[in-house]
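Report on the following structure.
Remember, it's 1-based here, ligands and their atoms both numbered in the order they're listed.
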Amino acid sequence: MSNNPGFDCRKDFPILERKIHGKELIYLDNAASTQTPRQVVDTIGAMYFTHKANVHRGVHTLSMEATGLQEAARAKVADFIGSPTTEQIIFTRGTTEAINLVASSYGELLNEGDEVILTQMEHHANIVPWQLLSQRRGIVIKVVPITANGQLDMDAFKSLFSPRTKVVSVCHVSNVLGTINPIKEIIDMAHRHGAVAVIDGAQAIAHIKVDVKALDADFYLFSSHKMYGPCGVGVLYGRKELLEKMPPYQGGGEMISHVSFERTTYADLPYKFEAGTPDYVDIAALTTAIDYISGIGLDRIAQHEHDLLQYTTEKMLQIPGMRIFGTAPGKSAVISFLIGNEHHYDIGLLLDKLGIAVRTGHHCAQPLMQALGIEGTVRASMAVYNTREECDNFIAALNRVASMLG
Ligand code: PLP
(Lines give C-alpha, C1' and ligand atoms only; values in the text may rest on other atoms or scores of the structure.)
Protein backbone atom coordinates (compact mmCIF):
# COMPACT_ATOMS: atom_id res chain seq x y z
CA MET A 1 0.00 0.00 0.00
CA SER A 2 1.35 3.44 -0.86
CA ASN A 3 1.45 6.26 1.64
CA ASN A 4 -1.59 7.77 0.01
CA PRO A 5 -4.61 5.68 0.97
CA GLY A 6 -6.75 7.89 -1.28
CA PHE A 7 -5.38 6.26 -4.41
CA ASP A 8 -5.28 2.74 -3.03
CA CYS A 9 -8.82 2.49 -1.78
CA ARG A 10 -10.78 4.13 -4.60
CA LYS A 11 -11.39 0.80 -6.29
CA ASP A 12 -13.45 -0.23 -3.25
CA PHE A 13 -15.99 2.54 -3.94
CA PRO A 14 -17.74 1.90 -7.26
CA ILE A 15 -19.82 5.08 -6.90
CA LEU A 16 -16.63 7.12 -7.41
CA GLU A 17 -16.59 5.91 -11.03
CA ARG A 18 -19.88 7.67 -11.74
CA LYS A 19 -20.16 10.62 -14.05
CA ILE A 20 -22.35 13.57 -13.04
CA HIS A 21 -23.54 15.82 -15.87
CA GLY A 22 -20.91 14.10 -18.01
CA LYS A 23 -18.08 14.96 -15.58
CA GLU A 24 -16.11 12.71 -13.22
CA LEU A 25 -17.77 12.72 -9.82
CA ILE A 26 -15.73 14.48 -7.14
CA TYR A 27 -17.42 13.63 -3.88
CA LEU A 28 -16.72 16.24 -1.19
CA ASP A 29 -19.83 15.80 0.93
CA ASN A 30 -18.27 13.34 3.34
CA ALA A 31 -19.29 15.15 6.51
CA ALA A 32 -22.91 14.45 5.56
CA SER A 33 -22.36 10.79 4.60
CA THR A 34 -19.23 8.97 3.54
CA GLN A 35 -19.47 6.53 0.66
CA THR A 36 -19.62 2.82 1.38
CA PRO A 37 -16.98 0.33 0.23
CA ARG A 38 -17.86 -2.85 -1.62
CA GLN A 39 -16.79 -4.93 1.39
CA VAL A 40 -19.52 -3.38 3.59
CA VAL A 41 -22.16 -3.88 0.91
CA ASP A 42 -21.00 -7.50 0.52
CA THR A 43 -21.64 -8.04 4.23
CA ILE A 44 -25.15 -6.61 3.83
CA GLY A 45 -25.71 -9.02 0.93
CA ALA A 46 -24.40 -11.95 2.94
CA MET A 47 -26.68 -11.03 5.83
CA TYR A 48 -29.73 -11.03 3.54
CA PHE A 49 -28.80 -14.05 1.44
CA THR A 50 -27.20 -16.28 4.06
CA HIS A 51 -27.91 -15.29 7.67
CA LYS A 52 -31.20 -13.40 7.82
CA ALA A 53 -33.39 -14.26 10.80
CA ASN A 54 -34.57 -12.18 13.74
CA VAL A 55 -32.00 -11.89 16.51
CA HIS A 56 -32.25 -13.10 20.11
CA ARG A 57 -35.57 -14.81 19.44
CA GLY A 58 -34.88 -18.22 18.07
CA VAL A 59 -33.11 -21.42 18.87
CA HIS A 60 -32.77 -22.18 15.19
CA THR A 61 -29.41 -21.92 13.48
CA LEU A 62 -30.10 -18.83 11.35
CA SER A 63 -31.33 -16.82 14.31
CA MET A 64 -28.33 -17.83 16.34
CA GLU A 65 -26.00 -16.88 13.49
CA ALA A 66 -27.63 -13.46 13.08
CA THR A 67 -27.48 -12.94 16.85
CA GLY A 68 -23.82 -13.94 16.89
CA LEU A 69 -23.04 -11.46 14.10
CA GLN A 70 -24.89 -8.64 15.86
CA GLU A 71 -23.09 -9.32 19.12
CA ALA A 72 -19.76 -9.59 17.30
CA ALA A 73 -20.47 -6.09 15.97
CA ARG A 74 -21.03 -4.88 19.52
CA ALA A 75 -17.68 -6.33 20.56
CA LYS A 76 -16.03 -4.74 17.51
CA VAL A 77 -17.46 -1.31 18.36
CA ALA A 78 -16.45 -1.68 22.02
CA ASP A 79 -12.90 -2.51 21.01
CA PHE A 80 -12.79 0.30 18.41
CA ILE A 81 -13.65 3.02 20.93
CA GLY A 82 -12.04 1.49 24.01
CA SER A 83 -15.26 0.67 25.88
CA PRO A 84 -14.46 -1.54 28.88
CA THR A 85 -17.50 -3.77 28.22
CA THR A 86 -19.92 -4.62 25.42
CA GLU A 87 -22.97 -3.90 27.61
CA GLN A 88 -22.13 -0.21 27.41
CA ILE A 89 -22.59 -0.23 23.63
CA ILE A 90 -26.19 0.48 22.64
CA PHE A 91 -27.25 0.35 19.02
CA THR A 92 -29.48 3.19 17.85
CA ARG A 93 -30.60 4.50 14.47
CA GLY A 94 -27.88 7.14 14.51
CA THR A 95 -26.36 10.01 16.44
CA THR A 96 -29.69 11.83 16.52
CA GLU A 97 -31.50 8.94 18.18
CA ALA A 98 -28.61 8.43 20.59
CA ILE A 99 -28.77 12.06 21.77
CA ASN A 100 -32.55 11.85 22.04
CA LEU A 101 -32.13 8.72 24.14
CA VAL A 102 -29.74 10.45 26.53
CA ALA A 103 -31.77 13.67 26.72
CA SER A 104 -35.03 11.79 27.31
CA SER A 105 -33.79 9.11 29.65
CA TYR A 106 -30.98 10.82 31.58
CA GLY A 107 -33.21 13.89 31.43
CA GLU A 108 -35.73 12.05 33.62
CA LEU A 109 -33.16 12.25 36.41
CA LEU A 110 -32.96 16.06 36.17
CA ASN A 111 -35.15 18.57 37.98
CA GLU A 112 -36.61 21.95 37.15
CA GLY A 113 -33.86 24.58 37.19
CA ASP A 114 -31.04 22.10 36.49
CA GLU A 115 -28.70 23.36 33.80
CA VAL A 116 -27.40 21.86 30.56
CA ILE A 117 -24.47 23.53 28.79
CA LEU A 118 -24.37 23.36 24.99
CA THR A 119 -22.19 25.29 22.56
CA GLN A 120 -22.86 27.66 19.71
CA MET A 121 -21.40 25.19 17.22
CA GLU A 122 -23.80 22.30 17.90
CA HIS A 123 -25.76 20.46 15.24
CA HIS A 124 -29.52 20.69 15.69
CA ALA A 125 -29.37 17.06 16.85
CA ASN A 126 -27.55 18.29 19.96
CA ILE A 127 -29.85 21.25 20.55
CA VAL A 128 -33.46 20.28 19.92
CA PRO A 129 -33.59 17.15 22.15
CA TRP A 130 -32.44 19.34 25.07
CA GLN A 131 -35.01 21.99 24.20
CA LEU A 132 -37.73 19.33 24.22
CA LEU A 133 -36.47 18.28 27.63
CA SER A 134 -36.47 21.89 28.74
CA GLN A 135 -40.15 22.20 27.76
CA ARG A 136 -41.02 18.98 29.61
CA ARG A 137 -38.95 19.39 32.75
CA GLY A 138 -37.98 23.04 32.99
CA ILE A 139 -34.25 22.56 32.63
CA VAL A 140 -32.20 25.62 31.69
CA ILE A 141 -29.96 25.65 28.59
CA LYS A 142 -26.75 27.69 28.59
CA VAL A 143 -24.65 28.24 25.47
CA VAL A 144 -20.86 28.56 25.12
CA PRO A 145 -19.90 31.22 22.53
CA ILE A 146 -17.19 30.78 19.91
CA THR A 147 -14.14 32.87 19.09
CA ALA A 148 -13.46 34.59 15.75
CA ASN A 149 -11.55 31.61 14.32
CA GLY A 150 -14.27 29.16 15.36
CA GLN A 151 -13.00 27.72 18.62
CA LEU A 152 -14.91 27.43 21.87
CA ASP A 153 -14.37 30.38 24.16
CA MET A 154 -13.01 28.33 27.04
CA ASP A 155 -13.05 31.20 29.56
CA ALA A 156 -16.72 31.80 28.84
CA PHE A 157 -17.25 28.03 29.06
CA LYS A 158 -15.77 27.93 32.57
CA SER A 159 -17.91 30.86 33.67
CA LEU A 160 -21.14 29.08 32.68
CA PHE A 161 -20.82 26.37 35.32
CA SER A 162 -22.94 26.68 38.43
CA PRO A 163 -23.99 24.32 41.22
CA ARG A 164 -27.05 23.53 39.03
CA THR A 165 -25.00 22.35 36.02
CA LYS A 166 -25.87 18.71 35.46
CA VAL A 167 -24.96 18.05 31.81
CA VAL A 168 -22.44 19.36 29.29
CA SER A 169 -23.21 18.25 25.74
CA VAL A 170 -20.62 19.15 23.09
CA CYS A 171 -19.55 18.03 19.64
CA HIS A 172 -16.11 16.48 19.38
CA VAL A 173 -15.68 18.03 15.91
CA SER A 174 -17.84 20.80 14.42
CA ASN A 175 -19.63 19.74 11.24
CA VAL A 176 -19.39 23.32 9.91
CA LEU A 177 -16.12 24.74 11.20
CA GLY A 178 -14.09 21.54 11.41
CA THR A 179 -12.87 22.64 14.84
CA ILE A 180 -11.66 19.78 17.00
CA ASN A 181 -12.79 20.62 20.51
CA PRO A 182 -10.61 19.93 23.57
CA ILE A 183 -13.03 17.32 24.82
CA LYS A 184 -10.74 15.77 27.44
CA GLU A 185 -10.42 19.20 29.07
CA ILE A 186 -14.20 19.71 28.75
CA ILE A 187 -15.01 16.31 30.23
CA ASP A 188 -12.64 16.90 33.17
CA MET A 189 -14.16 20.34 33.71
CA ALA A 190 -17.69 18.87 33.70
CA HIS A 191 -16.66 16.22 36.22
CA ARG A 192 -15.05 18.77 38.54
CA HIS A 193 -18.45 20.48 38.65
CA GLY A 194 -20.35 17.24 39.21
CA ALA A 195 -21.86 17.24 35.70
CA VAL A 196 -21.88 14.49 33.09
CA ALA A 197 -20.36 14.99 29.64
CA VAL A 198 -22.15 13.93 26.48
CA ILE A 199 -19.88 13.94 23.42
CA ASP A 200 -21.36 14.05 19.92
CA GLY A 201 -18.74 12.14 17.98
CA ALA A 202 -20.57 12.15 14.61
CA GLN A 203 -17.80 14.11 12.87
CA ALA A 204 -14.91 12.57 14.77
CA ILE A 205 -15.32 8.83 14.63
CA ALA A 206 -13.98 8.27 11.09
CA HIS A 207 -11.15 10.77 11.47
CA ILE A 208 -9.75 10.68 15.01
CA LYS A 209 -8.86 7.77 17.28
CA VAL A 210 -11.45 7.77 20.07
CA ASP A 211 -10.81 6.11 23.43
CA VAL A 212 -13.83 6.64 25.66
CA LYS A 213 -12.03 5.19 28.68
CA ALA A 214 -9.01 7.49 28.34
CA LEU A 215 -11.34 10.44 27.72
CA ASP A 216 -13.44 9.42 30.72
CA ALA A 217 -16.54 10.28 28.63
CA ASP A 218 -19.92 9.65 30.22
CA PHE A 219 -21.69 9.32 26.87
CA TYR A 220 -20.15 9.19 23.38
CA LEU A 221 -22.27 8.80 20.28
CA PHE A 222 -21.90 8.48 16.52
CA SER A 223 -23.46 7.31 13.23
CA SER A 224 -22.34 4.46 11.00
CA HIS A 225 -23.12 6.23 7.71
CA LYS A 226 -20.42 8.80 8.41
CA MET A 227 -17.77 6.08 8.88
CA TYR A 228 -18.02 4.13 5.62
CA GLY A 229 -20.75 1.99 7.17
CA PRO A 230 -24.39 1.41 6.31
CA CYS A 231 -27.22 3.85 6.99
CA GLY A 232 -29.67 3.29 9.80
CA VAL A 233 -27.24 2.42 12.60
CA GLY A 234 -25.69 4.49 15.33
CA VAL A 235 -23.96 3.87 18.60
CA LEU A 236 -24.42 5.19 22.09
CA TYR A 237 -21.61 4.42 24.51
CA GLY A 238 -22.49 5.15 28.11
CA ARG A 239 -20.91 4.88 31.52
CA LYS A 240 -22.32 1.76 33.13
CA GLU A 241 -23.49 3.29 36.42
CA LEU A 242 -25.38 5.98 34.51
CA LEU A 243 -26.99 3.60 32.03
CA GLU A 244 -28.06 1.39 34.92
CA LYS A 245 -29.89 4.14 36.72
CA MET A 246 -31.52 5.60 33.59
CA PRO A 247 -35.10 4.56 32.78
CA PRO A 248 -35.81 2.86 29.42
CA TYR A 249 -36.18 5.15 26.43
CA GLN A 250 -38.73 3.11 24.49
CA GLY A 251 -40.83 0.14 25.50
CA GLY A 252 -41.45 -3.05 23.56
CA GLY A 253 -39.95 -6.41 22.80
CA GLU A 254 -36.33 -7.21 23.65
CA MET A 255 -36.02 -4.58 26.41
CA ILE A 256 -37.98 -6.50 29.04
CA SER A 257 -37.22 -9.18 31.54
CA HIS A 258 -40.83 -9.96 32.48
CA VAL A 259 -44.14 -8.37 31.48
CA SER A 260 -47.51 -8.52 33.17
CA PHE A 261 -50.32 -5.97 33.06
CA GLU A 262 -49.48 -5.10 36.65
CA ARG A 263 -45.75 -4.63 36.32
CA THR A 264 -42.88 -4.94 33.87
CA THR A 265 -39.26 -5.52 34.72
CA TYR A 266 -36.54 -4.59 32.29
CA ALA A 267 -33.72 -6.44 30.58
CA ASP A 268 -30.11 -5.90 31.56
CA LEU A 269 -27.83 -3.61 29.60
CA PRO A 270 -27.58 -3.04 26.72
CA TYR A 271 -30.97 -4.54 25.80
CA LYS A 272 -32.89 -2.27 28.19
CA PHE A 273 -32.33 0.47 25.62
CA GLU A 274 -32.89 -1.61 22.47
CA ALA A 275 -36.67 -2.00 22.18
CA GLY A 276 -37.93 -3.85 19.10
CA THR A 277 -36.08 -5.60 16.32
CA PRO A 278 -32.75 -3.88 15.76
CA ASP A 279 -31.29 -3.27 12.30
CA TYR A 280 -29.17 -6.38 12.73
CA VAL A 281 -28.25 -6.52 9.03
CA ASP A 282 -26.64 -3.11 9.05
CA ILE A 283 -25.25 -3.58 12.55
CA ALA A 284 -23.37 -6.64 11.26
CA ALA A 285 -22.10 -4.59 8.31
CA LEU A 286 -20.77 -1.94 10.71
CA THR A 287 -18.24 -4.59 11.75
CA THR A 288 -16.90 -4.59 8.20
CA ALA A 289 -16.76 -0.77 8.11
CA ILE A 290 -14.69 -0.75 11.30
CA ASP A 291 -12.39 -3.43 9.88
CA TYR A 292 -12.08 -1.30 6.74
CA ILE A 293 -11.02 1.78 8.72
CA SER A 294 -8.68 -0.22 10.93
CA GLY A 295 -7.20 -1.95 7.88
CA ILE A 296 -6.05 1.40 6.49
CA GLY A 297 -5.36 2.86 9.93
CA LEU A 298 -6.95 5.96 11.45
CA ASP A 299 -3.54 7.62 11.71
CA ARG A 300 -2.97 7.29 7.98
CA ILE A 301 -6.50 8.45 7.22
CA ALA A 302 -6.04 11.52 9.45
CA GLN A 303 -2.66 12.33 7.88
CA HIS A 304 -4.05 12.01 4.37
CA GLU A 305 -7.10 14.18 5.10
CA HIS A 306 -4.90 16.77 6.81
CA ASP A 307 -2.67 16.91 3.75
CA LEU A 308 -5.69 17.46 1.49
CA LEU A 309 -7.06 20.11 3.85
CA GLN A 310 -3.81 22.10 3.86
CA TYR A 311 -3.32 21.75 0.14
CA THR A 312 -6.87 22.79 -0.74
CA THR A 313 -7.15 25.61 1.80
CA GLU A 314 -3.97 27.29 0.55
CA LYS A 315 -5.24 27.23 -3.02
CA MET A 316 -8.74 28.34 -2.08
CA LEU A 317 -7.37 31.39 -0.31
CA GLN A 318 -5.87 32.56 -3.61
CA ILE A 319 -9.37 32.91 -5.08
CA PRO A 320 -10.52 36.55 -4.85
CA GLY A 321 -13.36 37.03 -2.37
CA MET A 322 -12.86 33.64 -0.70
CA ARG A 323 -14.20 33.59 2.89
CA ILE A 324 -13.46 30.48 4.94
CA PHE A 325 -15.44 29.96 8.15
CA GLY A 326 -13.50 28.03 10.78
CA THR A 327 -9.74 28.41 10.89
CA ALA A 328 -8.89 26.75 14.20
CA PRO A 329 -5.41 25.23 14.34
CA GLY A 330 -5.35 21.47 13.75
CA LYS A 331 -8.91 21.47 12.41
CA SER A 332 -10.56 18.53 10.69
CA ALA A 333 -10.89 18.33 6.88
CA VAL A 334 -14.10 20.34 6.65
CA ILE A 335 -14.02 23.64 4.72
CA SER A 336 -17.04 25.93 4.95
CA PHE A 337 -16.81 28.90 2.64
CA LEU A 338 -18.48 31.62 0.63
CA ILE A 339 -17.19 33.59 -2.33
CA GLY A 340 -17.84 37.29 -1.81
CA ASN A 341 -21.54 37.77 -1.23
CA GLU A 342 -22.63 35.06 -3.66
CA HIS A 343 -25.39 32.76 -2.45
CA HIS A 344 -24.18 29.38 -1.21
CA TYR A 345 -26.92 27.67 -3.19
CA ASP A 346 -25.75 29.17 -6.51
CA ILE A 347 -22.17 28.11 -5.84
CA GLY A 348 -23.28 24.57 -4.95
CA LEU A 349 -25.49 24.27 -8.01
CA LEU A 350 -22.73 25.39 -10.38
CA LEU A 351 -20.25 23.02 -8.73
CA ASP A 352 -22.73 20.18 -9.23
CA LYS A 353 -22.86 20.97 -12.94
CA LEU A 354 -19.09 20.43 -12.91
CA GLY A 355 -19.47 17.04 -11.19
CA ILE A 356 -18.58 18.23 -7.70
CA ALA A 357 -20.74 17.22 -4.75
CA VAL A 358 -20.58 19.70 -1.87
CA ARG A 359 -23.18 20.60 0.74
CA THR A 360 -24.86 23.99 0.86
CA GLY A 361 -27.09 25.59 3.47
CA HIS A 362 -27.10 25.92 7.22
CA HIS A 363 -25.78 22.38 7.81
CA CYS A 364 -28.34 21.84 10.61
CA ALA A 365 -26.54 24.51 12.61
CA GLN A 366 -28.78 27.56 12.37
CA PRO A 367 -27.67 29.06 15.72
CA LEU A 368 -24.07 28.90 14.47
CA MET A 369 -25.09 30.61 11.22
CA GLN A 370 -26.74 33.34 13.32
CA ALA A 371 -23.52 33.77 15.31
CA LEU A 372 -21.54 34.03 12.06
CA GLY A 373 -24.07 36.49 10.66
CA ILE A 374 -24.75 34.43 7.52
CA GLU A 375 -27.56 32.25 6.19
CA GLY A 376 -25.43 29.36 5.06
CA THR A 377 -22.17 28.24 3.53
CA VAL A 378 -20.83 25.84 0.96
CA ARG A 379 -19.07 22.97 2.67
CA ALA A 380 -16.40 20.71 1.18
CA SER A 381 -15.38 17.81 3.40
CA MET A 382 -12.76 15.18 2.69
CA ALA A 383 -12.46 11.46 3.28
CA VAL A 384 -9.92 8.72 2.76
CA TYR A 385 -10.62 8.22 -0.97
CA ASN A 386 -10.24 11.86 -2.02
CA THR A 387 -7.08 12.76 -3.88
CA ARG A 388 -4.92 15.82 -4.58
CA GLU A 389 -5.96 15.57 -8.21
CA GLU A 390 -9.60 15.93 -7.15
CA CYS A 391 -8.66 18.92 -5.01
CA ASP A 392 -6.95 20.50 -8.05
CA ASN A 393 -10.11 19.94 -10.09
CA PHE A 394 -12.21 21.38 -7.27
CA ILE A 395 -10.04 24.51 -7.20
CA ALA A 396 -10.26 24.86 -10.98
CA ALA A 397 -14.05 24.51 -10.73
CA LEU A 398 -14.20 27.10 -7.94
CA ASN A 399 -12.22 29.54 -10.07
CA ARG A 400 -14.67 28.95 -12.92
CA VAL A 401 -17.66 29.44 -10.64
CA ALA A 402 -16.13 32.61 -9.17
CA SER A 403 -15.66 34.11 -12.62
CA MET A 404 -19.13 32.97 -13.78
CA LEU A 405 -20.71 34.67 -10.78
CA GLY A 406 -18.59 37.71 -11.40
N1 PLP B 1 -24.08 15.74 15.10
C2 PLP B 1 -23.23 16.18 14.16
C3 PLP B 1 -22.02 16.97 14.57
C4 PLP B 1 -23.47 15.92 12.82
O5 PLP B 1 -22.63 16.37 11.89
C6 PLP B 1 -24.61 15.15 12.47
C7 PLP B 1 -24.93 14.88 11.06
O8 PLP B 1 -24.54 15.60 10.16
C9 PLP B 1 -25.46 14.70 13.49
C10 PLP B 1 -25.15 15.01 14.79
C11 PLP B 1 -26.67 13.90 13.19
O12 PLP B 1 -26.31 12.64 12.68
P13 PLP B 1 -27.42 11.65 12.12
O14 PLP B 1 -28.22 12.42 11.12
O15 PLP B 1 -26.62 10.55 11.51
O16 PLP B 1 -28.23 11.19 13.28
Side-chain angles (χ1 to χ4, degrees), residues 27-36 40 77 90-104 116 118-132 143-144 146 150-152 167-181 183 186 197-208 210 217 219-237 249 273 278-279 282-283 285-286 289 305 325-326 328 331-336 357-369 371 376-383:
Y27 187 77
L28 294 175
D29 193 17
N30 295 290
S33 267
T34 48
Q35 295 299 343
T36 310
V40 171
V77 170
I90 292 150
F91 288 119
T92 65
R93 282 193 303 122
T95 307
T96 302
E97 189 177 52
I99 301 178
N100 275 279
L101 191 164
V102 175
S104 291
V116 174
L118 308 177
T119 85
Q120 214 156 29
M121 64 169 83
E122 297 312 313
H123 187 282
H124 296 163
N126 195 24
I127 299 173
V128 185
W130 300 108
Q131 284 175 331
L132 293 171
V143 182
V144 181
I146 56 168
Q151 291 180 283
L152 293 176
V167 177
V168 174
S169 194
V170 180
C171 60
H172 191 163
V173 176
S174 160
N175 67 318
V176 176
L177 307 165
T179 310
I180 302 176
N181 287 322
I183 52 162
I186 293 169
V198 183
I199 308 298
D200 171 356
Q203 295 296 340
I205 195 71
H207 311 278
I208 297 175
V210 171
F219 299 100
Y220 194 99
L221 20 107
F222 51 92
S223 300
S224 149
H225 69 98
K226 293 185 196 285
M227 54 186 296
Y228 311 102
C231 295
V233 181
V235 171
L236 165 64
Y237 159 84
Y249 172 53
F273 292 107
D279 185 355
D282 292 309
I283 289 172
L286 176 57
E305 291 171 353
F325 299 88
K331 66 178 271 194
S332 184
V334 173
I335 312 174
S336 278
V358 288
R359 185 132 300 236
T360 59
H362 53 65
H363 314 296
C364 296
Q366 283 182 342
L368 175 59
M369 295 299 130
T377 71
V378 184
R379 182 184 70 187
S381 49
M382 282 99 175

- Task: Before giving the answer on side-chain contact (heavy atoms from CB on, under 4.5 Å), spell out for L177 and L368 the whole-Å C-alpha distance, their side-chain angles and the decisive distance to 0.1 Å.
- Result: CA-CA 10 Å; L177 307 165; L368 175 59; 4.0 Å; yes
- When you look at L152 and I146, which way does the side-chain contact (heavy atoms from CB on, under 4.5 Å) test go after all the steps? CA-CA 5 Å; L152 293 176; I146 56 168; 4.2 Å; yes
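Residue-ligand proximity, S223 to ligand 1, at heavy-atom distances under 4.0 Å covers atoms 12 (O), 13 (P), 15 (O), 16 (O). Heavy-atom proximity to N175, at under 4.0 Å, picks out these atoms of ligand 1: 5 (O).
Contacts of K226 with ligand 1, taken as heavy-atom pairs under 4.0 Å, involve the side chain alone. No part of H363 comes within 4.0 Å of ligand 1, judged by heavy-atom distances.
The shortest distance between side-chain heavy atoms of F91 and V235 falls below 4.5 Å. Side-chain contact between V334 and N175: absent, with no pair of heavy atoms (C-beta onward) separated by less than 4.5 Å.
Ranking the protein heavy atoms by distance from atom 5 (O) of ligand 1 puts Q203 NE2, 2.7 Å first. For atom 2 (C) of ligand 1, the closest heavy atom belonging to the protein is D200 OD2, 3.4 Å. The nearest protein atom to atom 4 (C) of ligand 1, hydrogens excluded, is given as H123 CD2, 3.3 Å; this is a heavy-atom distance.
Some N or O of T96 is nearer than 3.5 Å to an N or O of ligand 1, by distance alone.
The two atoms that bring V40 and Y228 nearest to each other are CG2-O, 3.5 Å, heavy atoms only.
Exactly one of Y249, F273, W130 qualifies for a side chain to side chain contact (heavy atoms under 4.5 Å, CB included) with V102. That residue is W130.
Using bins of under 30°, 30° to 60° and over 60° for the plane-to-plane angle, the ring pair H172/Y220 lands in the perpendicular bin.
Using a 4.0 Å cutoff on heavy atoms, H225 counts as a contact of ligand 1.
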